[in-house]
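All heavy atoms count here, side chains included; hydrogens, waters and symmetry mates do not. We name chains A, B, ... by the order of the sequence lines, and we start the count at 1 in each one.
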2 protein chains.
Amino acid sequence: MAVSLDATDRKILRALQADASQSLEEIARQVGASKTPVWNRIRKLREAGVIRRQTAVLDPEALGLEACFFVLIRTSEHEAEWQKAFLKALLDRDEVLEAHRLAGDIDYILKVRVENARAYDVFYQALISEVRIYNVTALLSMEEIKSTFALPIPD
Amino acid sequence: MAVSLDATDRKILRALQADASQSLEEIARQVGASKTPVWNRIRKLREAGVIRRQTAVLDPEALGLEACFFVLIRTSEHEAEWQKAFLKALLDRDEVLEAHRLAGDIDYILKVRVENARAYDVFYQALISEVRIYNVTALLSMEEIKSTFALPIPD
DNA sequence: TGTGAAAATGTCAGGGC
DNA sequence: GCCCTGACATTTTCACA
């Protein structure tokens, strides 16, 4: 996992994060090299798993997904069996965009995208009927100030 | 914003979300059409803003960004002036991957990716010195169970 | 919508720093 | 070792039926 990246690699990654549809030639120009080395580096970065995949970023509103919730979950269960079921429930549901296991008071946080509040309730009811959960707090997003996958790449 | 999408559009969007590096030909095969109509639809979806951009998804760990925090923020300030400064502070910082204004008790939630706990503290100190904040709770992610930008596209 | 042809781009071999 | 030049294969792009 500890991949060593030089300045050129980082420039390439930055360019790809900003716009992955750019041609190899444009990227090469930006990083100040020619196509071949850039191409070889990209291939290596992909193989090393630094570049996971390439995706189109869609507008949620245009798809009718108007509601975004952050869900804070507390549970009393900490057995392997329960965890496995909970994990599966999360991975199976496409409306769960993010799920993290946390340190401290709150055990899990989810980010859920759905059509509206009703759709969230359907999701919520389905989830708590599938796995036992002690306490749930849903935070409703009123405004998406910022939303990016572009990671900060140090120099 | 209310774009009407037919079944073919949705298939195209699903394919692009899954892997945007696919050739037009492959996508056409998947949706059961030939290249030209698929190409025209993609262009329209881009123009309509349904497809926002295309990006490479990187592995945060490979970049040395090992710590992920969710930050819950309460503030006593609700004036336009304060909000503007706060917004700017968030947009300016690359380590803030997500920021939402919330309904209810907690005013804002952030998702922050940094190298380690020390780097988070640097970020935190800088933020609270820049804008007045009433109360902050940081939730540390121990495990990223799921993390995707792929939106659920209904049939 | 589909065919097909021109332009652009991705891919890779060979040689040089 | 890594890089560049250049030639070939593939793909994108678009006019036209």
In short, the helix from C/dT1-D/dA17 to C/dC17-D/dG1 is bent end to end, axes from five pairs each side, to 10°, by 30°
For C/dG10 and A/W39 - does any side-chain N or O of the residue sit under 4.0 Å from the phosphate oxygens OP1/OP2?
no
Ion pair check, A/D6 and A/R41, cut-off under 4.0 Å:
yes
Whole-Å distance, B/Q22 CD to D/dT10 C1', equals 16 Å
Between A/R43 and A/E26, whichever has its closest DNA chain C nucleotide further toward 5' is A/E26
With sugar-phosphate meaning primed atoms plus P, OP1 and OP2, does A/S34 contact a base, only sugar-phosphate, or nothing at under 4.0 Å between heavy atoms?
base
Exercise. Does B/K84 pair with B/E79 as a salt bridge, N-O distance under 4.0 Å?
Worked result: no
A/N40 atom CG is separated from C/dG10 atom P, nearest whole Å, by 14 Å
Open item on the list: Between the base of C/dG10 and the side chain of A/K35, is one N or O donor paired with an acceptor at under 3.5 angstrom?
Closed with: yes
Separation of D/dT11 atom C1' from A/E25 atom CD, nearest Å, is 15 Å
Rounding to 0.5 Å, atoms CG (B/N135) and CG (B/D107) come to a distance of 10.0 Å
Under a 3.5 Å cutoff, is there a donor and acceptor pairing between the side chains of A/Q30 and A/Q22?
yes
| query | Got a donor-acceptor pair under 3.5 Å from the side chain of A/T36 to the base of D/dC2? | reply | no
- Task: In plain terms, say whether A/D59 and B/R52 are close enough for a salt bridge, that is, a side-chain N and a carboxylate O under 4.0 Å apart.
- Result: yes
Closest of D/dC14, C/dG2, C/dT11 to the A/L24 side chain is C/dT11
message: Test your reading of the model: is there a side-chain donor-acceptor pair from A/K111 to the backbone of A/V96, 3.5 Å cut-off?
response: no
When rounded to whole Å, the CD1 to C1' distance for the pair B/I27 and D/dT13 reads 15 Å
- Message: Before you tell me yes or no, could you show the steps for A/E98 and A/R113 under salt bridge (Lys or Arg N to Asp or Glu O under 4.0 Å), namely the whole-Å CA-CA distance, both residues' side-chain angles and the distance that decides it to 0.1 Å?
- Response: CA-CA 10 Å; A/E98 297 224 18; A/R113 264 250 171 234; over 6 Å; no
- Query: Are A/R41 and D/dC3 close enough that a side-chain N or O sits under 4.0 Å from OP1 or OP2?
  - Reply: yes
note: A/R29, atom CZ; D/dC4, atom P; distance rounded to Å ~ 15 Å
